[in-house]
Amino acid sequence: ETGVTQSPTHLIKTRGQQVTLRCSSQSGHNTVSWYQQALGQGPQFIFQYYREEENGRGNFPPRFSGLQFPNYSSELNVNALELDDSALYLCASTSAGPENIQYFGAGTRLSVL
Amino acid sequence: AQSVTQPDIHITVSEGASLELRCNYSYGATPYLFWYVQSPGQGLQLLLKYFSGDTLVQGIKGFEAEFKRSQSSFNLRKPSVHWSDAAEYFCAVAPSGGYNKLIFGAGTRLAVHP
């Protein structure tokens with residue numbers, strides 16, 4: 001049990017639609033990172049938020065955006081969905097402190113038809 | 001560019017046998033190194049990490065890993081595998097100080113025969 005919960009568990013959308021994925025972190029975890037894991041691949045870093053500001057982005061287009069809220073929850077928004085966006089989306093939160101371990105949620109499985 | 005290579009896509013071992021999963025990284029300096037495990041329908045669980053110091057690190061569930069700078073490797077080992085160890089294993093690297101921005105390998109799927 002990592003204390004990181006993601007919703008929904010599964011989601012089906014059609015090409016061109018928009019989607020919002022949600023993540024709830026542990027209290028005190030002020031950094032959240034989002035990853036995309038395509039089938040058969042390792043997770044790819046999308047972006048990171050620290051104290052409600054984007055603080056690093058991977059090689060993903062602007063239609064991938066995020067929000068982080070003061071209550072340790074966060075969102076990943078994807079506009080104009082493409083078939084290749086079908087993947088498992090993982091949220092990871094990091095505690096403040098020397099260890100800085102990332103705790104991962106179980107993910108949201110997005111299917112784009 | 002930083003990258004992580006896990007040469008073995010699938011590995012099958014018998015229960016009780018020893019295990020070694022390979023990981024090689026490409027990075028200019030010494031990065032932070034991690035091994036994660038992912039069971040079906042689960043998120044990633046951290047097995048162990050290396051930041052500095054002793055190059056042999058111990059993790060949870062009886063796993064250990066050895067950092068070898070000369071070989072740019074961080075191989076994961078377990079002396080005796082249990083059936084519950086069947087899962088996917090990911091090696092990851094983060095630039096020093098940027099350990100929230102993990103770069104993962106493609107993973108190694110471990111099957112355990114009784």
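Here is how names work: the chains are called A, B, and so on, in the same order as the sequence lines, proteins then strands, and each is numbered from 1. Computed from a prediction, not measured in an experiment: that's the story for all the values here.
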Peer 1: If hydrophobic clusters are built from ILVMFWY residues whose side chains come within less than 4.5 Å, do A:F45 and A:L67 share one?
Peer 2: no
Peer 1: Heavy-atom distances under 4.5 Å only: say whether A:Q37 touches chain B with side chain, backbone, both or neither.
Peer 2: side chain
Peer 1: Measure the spacing between NZ of B:K101 and CZ of A:R57 and express it to the nearest 0.5 Å.
Peer 2: 12.0 Å
Peer 1: Distance check, rounded to the nearest 0.5 Å: B:Y36 atom OH versus A:L90 atom CG?
Peer 2: 11.0 Å
Peer 1: Please tell me whether A:Y103 and B:F34 are part of a single hydrophobic cluster in this structure, the criterion being side-chain heavy atoms less than 4.5 Å apart.
Peer 2: yes
Peer 1: Show your working on side-chain contact (heavy atoms from CB on, under 4.5 Å) between B:L44 and A:Y35 and close with a plain yes or no.
Peer 2: CA-CA 11 Å; B:L44 298 168; A:Y35 293 81; over 6 Å; no
Peer 1: Under 4.5 Å from any heavy atom of chain A, what part of B:E88 do you find: side chain, backbone, both or neither?
Peer 2: neither
Peer 1: Would you say that more than 12 heavy atoms from the other residues, nucleotides or ligands in this model lie under 6.0 Å from the CZ of A:R15, or not?
Peer 2: no
Peer 1: Let me check something: do A:Y72 and A:F47 share a hydrophobic cluster, defined by ILVMFWY side-chain heavy atoms less than 4.5 Å apart, either directly or through other members?
Peer 2: no
Peer 1: Do B:I60 and B:L110 sit in one hydrophobic cluster, given that two such residues count as connected whenever their side-chain heavy atoms are within less than 4.5 Å of each other, even indirectly?
Peer 2: yes
Peer 1: Within the supplied structure, the quantity of interest is the number of heavy atoms (other residues, nucleotides, ligands) at a distance under 6.0 Å from A:L113 CG; does it exceed 12?
Peer 2: yes
Peer 1: Tell me, for A:I46 versus chain B, whether the close heavy atoms (under 4.5 Å) come from the side chain, the backbone, both or neither.
Peer 2: neither
Peer 1: Of all the heavy-atom pairs spanning A:G42 and B:F90, show the shortest one and how long it is.
Peer 2: CA-CE2, 3.5 Å
Peer 1: Most heavy-atom pairs under 4.5 angstrom with chain A, which of B:A92, B:A106, B:G105?
Peer 2: B:A106
